[in-house]
There are 2 protein chains.
Amino acid sequence: MSSPAPAGKAPAGAGRPGGSVSGKDVRLAAETWESLFRSQVAVMRRLQAGPAFKKLPVNEYDVLFTLARCPTGKLRLNEINDHVLLSQSSLSRLVDRLEKRGLVERSTAPEDGRGILLGLTEAGLELQKDIGREHVRDIAELLLPALTAAEQQELMRLTEKLRAKLPD
Amino acid sequence: MSSPAPAGKAPAGAGRPGGSVSGKDVRLAAETWESLFRSQVAVMRRLQAGPAFKKLPVNEYDVLFTLARCPTGKLRLNEINDHVLLSQSSLSRLVDRLEKRGLVERSTAPEDGRGILLGLTEAGLELQKDIGREHVRDIAELLLPALTAAEQQELMRLTEKLRAKLPD
DNA sequence: CCAAACTAGATGCATTTGCATCTATCGCAC
DNA sequence: GTGCGATAGATGCAAATGCATCTAGTTTGG
């Protein structure tokens with residue numbers, strides 16, 4: 001909140017070079033978000049129903065996945081929290097559960113005594129890869145018949161751009 | 001489960017006319033989904049943080065919204081359930097809460113004694129419009145600076161196509 | 001017409017979630 | 001250095017969620 005503009009009431013046309021925002025623009029944005037949201041829900045519902053997530057809830061898998069894809073293999077809890085749609089406290093307890101199951105390990109962060117570094121254990125990596133294989137198959141089964149490769153490329157490009165241009 | 005194909009193990013290349021599925025295809029699909037998912041999470045996180053959803057949790061607003069946009073104004077609970085990422089029992093209790101607050105009304109479905117029709121009350125419609133206005137503003141503030149109108153159109157087209165082509 | 005299988009929705013109960021708060025560390029001003 | 005606001009996580013507790021199950025109405029097969 002260091003912007004000079006009044007919080008929560010950005011001037012119309014913010015971010016558009018000299019343009020003003022029409023009702024049409026606003027409606028298009030709302031419809032686009034609605035569509036993005038619904039398709040995400042629809043795909044997620046089907047993925048969750050698959051057998052891959054009987055072993056581990058989606059949110060918990062997502063943490064394992066995030067750690068597995070990270071180059072260093074370890075992440076701070078607050079970094080993970082940015083990735084996941086969960087409150088800080090929920091993530092803390094989710095990590096408790098993963099730790100109790102021996103899938104991850106907490107370690108204190110060097111250079112910051114407050115921070116906690118989270119890393120996968122051998123078992124955690126194993127389980128992630130196991131679920132991951134099945135998960136990827138399920139995804140492909142849903143997306144391949146629906147969109148061409150070019151369309152998938154474009155969808156990826158647009159969602160990446162959207163995410164990159166979000167504030168903060 | 002009436003398909004002759006073995007459940008959970010559709011033949012490679014299902015839905016693609018004569019094509020086979022390469023590892024590349026599978027990877028692209030997985031990356032596309034990942035990107036779609038993350039951008040949805042990122043946008044949703046920011047929307048949830050806004051003041052619009054202090055009055056009503058997102059899931060509950062979503063039900064009001066779904067009812068408001070429905071032509072007849074009334075929907076069966078199971079229809080609503082398809083729209084929302086919630087279990088049947090959770091939706092049932094969510095509707096309990098909305099009903100207790102006087103925002104919706106249950107009525108028995110004609111032609112099916114098991115079914116429940118859900119409709120907005122006057123207060124429910126009012127609140128939906130109220131939150132909706134602010135919500136739409138927030139969405140526009142996030143999307144307009146990130147994507148051009150043409151890009152939004154394309155994103156909407158792709159997500160609609162994806163959703164339309166999902167099984168069942 | 002009746003019984004068995006199926007579907008829509010509600011409910012008991014354990015688990016998960018979020019809000020508010022607490023503790024500990026950090027960083028900055030003085 | 002000392003104090004003070006900010007940040008990283010953990011925790012108490014109430015509320016929300018999901019699974020399994022239950023009830024009731026519907027459809028199907030004989």
Side-chain angles (χ1 to χ4, degrees), chain A residues 1-2 41 44-63 67 74-101 103-119 168, chain B residues 1-2 41 44-51 53-64 67 74-101 103-119 168:
Chain A
M1 287 288 178
S2 60
V41 167
M44 182 58 92
R45 175 177 284 289
R46 285 161 178 81
L47 290 176
Q48 275 184 327
F53 294 107
K54 298 301 177 192
K55 305 171 185 174
L56 205 67
V58 179
N59 279 339
E60 301 188 12
Y61 169 74
D62 199 14
V63 170
L67 287 172
K74 287 177 185 299
L75 285 172
R76 293 282 296 269
L77 291 190
N78 57 358
E79 294 176 303
I80 298 174
N81 217 144
D82 291 336
H83 253 46
V84 173
L85 202 51
L86 271 180
S87 69
Q88 179 269 319
S89 60
S90 294
L91 176 62
S92 179
R93 286 186 229 262
L94 186 154
V95 169
D96 286 347
R97 295 193 292 275
L98 291 178
E99 201 173 27
K100 238 163 259 162
R101 288 179 61 171
L103 301 172
V104 300
E105 269 170 348
R106 275 189 243 242
S107 54
T108 59
E111 305 294 320
D112 190 343
R114 299 166 297 181
I116 295 289
L117 275 181
L118 199 67
D168 303 355
Chain B
M1 290 286 177
S2 59
V41 166
M44 180 60 91
R45 176 177 282 288
R46 285 161 179 82
L47 290 176
Q48 275 184 326
F53 294 107
K54 298 301 176 191
K55 303 170 182 173
L56 206 66
V58 179
N59 278 340
E60 302 188 12
Y61 169 75
D62 199 17
V63 170
L64 298 192
L67 287 171
K74 286 177 187 299
L75 286 172
R76 294 282 297 268
L77 290 191
N78 57 357
E79 295 176 302
I80 298 174
N81 217 147
D82 291 335
H83 246 49
V84 172
L85 201 52
L86 270 181
S87 70
Q88 180 270 318
S89 60
S90 294
L91 177 62
S92 180
R93 286 185 230 262
L94 186 155
V95 169
D96 286 348
R97 294 193 294 273
L98 292 178
E99 200 173 28
K100 240 163 255 162
R101 288 179 59 170
L103 300 173
V104 300
E105 268 170 349
R106 275 188 243 244
S107 55
T108 59
E111 306 292 321
D112 190 342
R114 299 166 298 181
I116 296 289
L117 275 181
L118 199 67
D168 303 356

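In what follows, chains carry the letters A, B, and so on, assigned in the order in which the sequence lines appear, proteins first and then strands, with residues in each chain numbered from 1.
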### Query
Whole-Å distance between dT11(D) C1' and Leu77(A) CG?
15 Å

### Query
Does dT7(D) have OP1 or OP2 sitting under 4.0 Å from an N or O in the side chain of Asn78(A)?
no

### Task
Using atom CZ of Arg114(B) as one end and atom C1' of dT27(D) as the other, report the distance to the nearest whole Å.
8 Å

### Query
Is any side-chain heavy atom of Leu67(A) closer than 4.5 Å to a side-chain heavy atom of Ile80(A)?
yes

### Query
So do the side chains of Val84(A) and Leu91(A) get within less than 4.5 Å of each other, counting heavy atoms only?
no

### Query
Within the structure, does a side-chain N or O atom of Arg106(A) lie under 4.0 Å from either OP1 or OP2 of dG9(D)?
no

### Query
On DNA chain C, nearest-nucleotide positions of Arg76(B) versus Asp112(A): which is more 5'?
Arg76(B)

### Query
Starting at CG of Leu75(A) and ending at P of dA8(D), how long is that distance when rounded to a whole Å?
14 Å

### Summary
Rounded to whole Å, CD1 of Ile116(B) lies from P of dG25(D) at a distance of 11 Å

### Task
Might you point out which heavy atoms bring Arg106(A) and Ser92(A) nearest each other, and give the distance in Å?
NH2-O, 3.7 Å

### Query
Between dT11(D), dA8(C), dA10(C), which nucleotide has the shortest distance from any of its atoms to the side chain of Ser92(B)?
dA10(C)

### Task
Identify the heavy atoms of Arg101(A) and Leu56(A) that sit nearest to each other, and give their distance.
NH1-CD1, 3.3 Å

#### Entry: Whole angstrom value for the distance that separates C1' of dG18(C) from CE of Met44(B)
16 Å

## Note on the structure
In B/S/- notation (B base, S sugar-phosphate only, - none; protein heavy atoms under 4.0 Å), nucleotides 13-20 of chain D written 5' to 3' is B--SBBB-

### Task
Report yes if the side chains of Leu118(A) and Glu99(A) come closer than 4.5 Å at any heavy-atom pair, otherwise no.
no

### Message
Between P on dG9(D) and CG on Leu118(A), what's the gap in Å once rounded to a whole number?
### Response
10 Å

### Message
Tell me the closest heavy-atom pair linking Leu94(B) and Asn59(B), and the distance in Å.
### Response
CD1-CB, 3.8 Å

### Task
Specify the separation, in whole Å, of atom CD of Glu79(B) and atom P of dT7(C).
16 Å

### Query
Backbone N or O of Arg76(A) within a donor-acceptor pair of the Glu79(A) side chain at under 3.5 Å?
yes

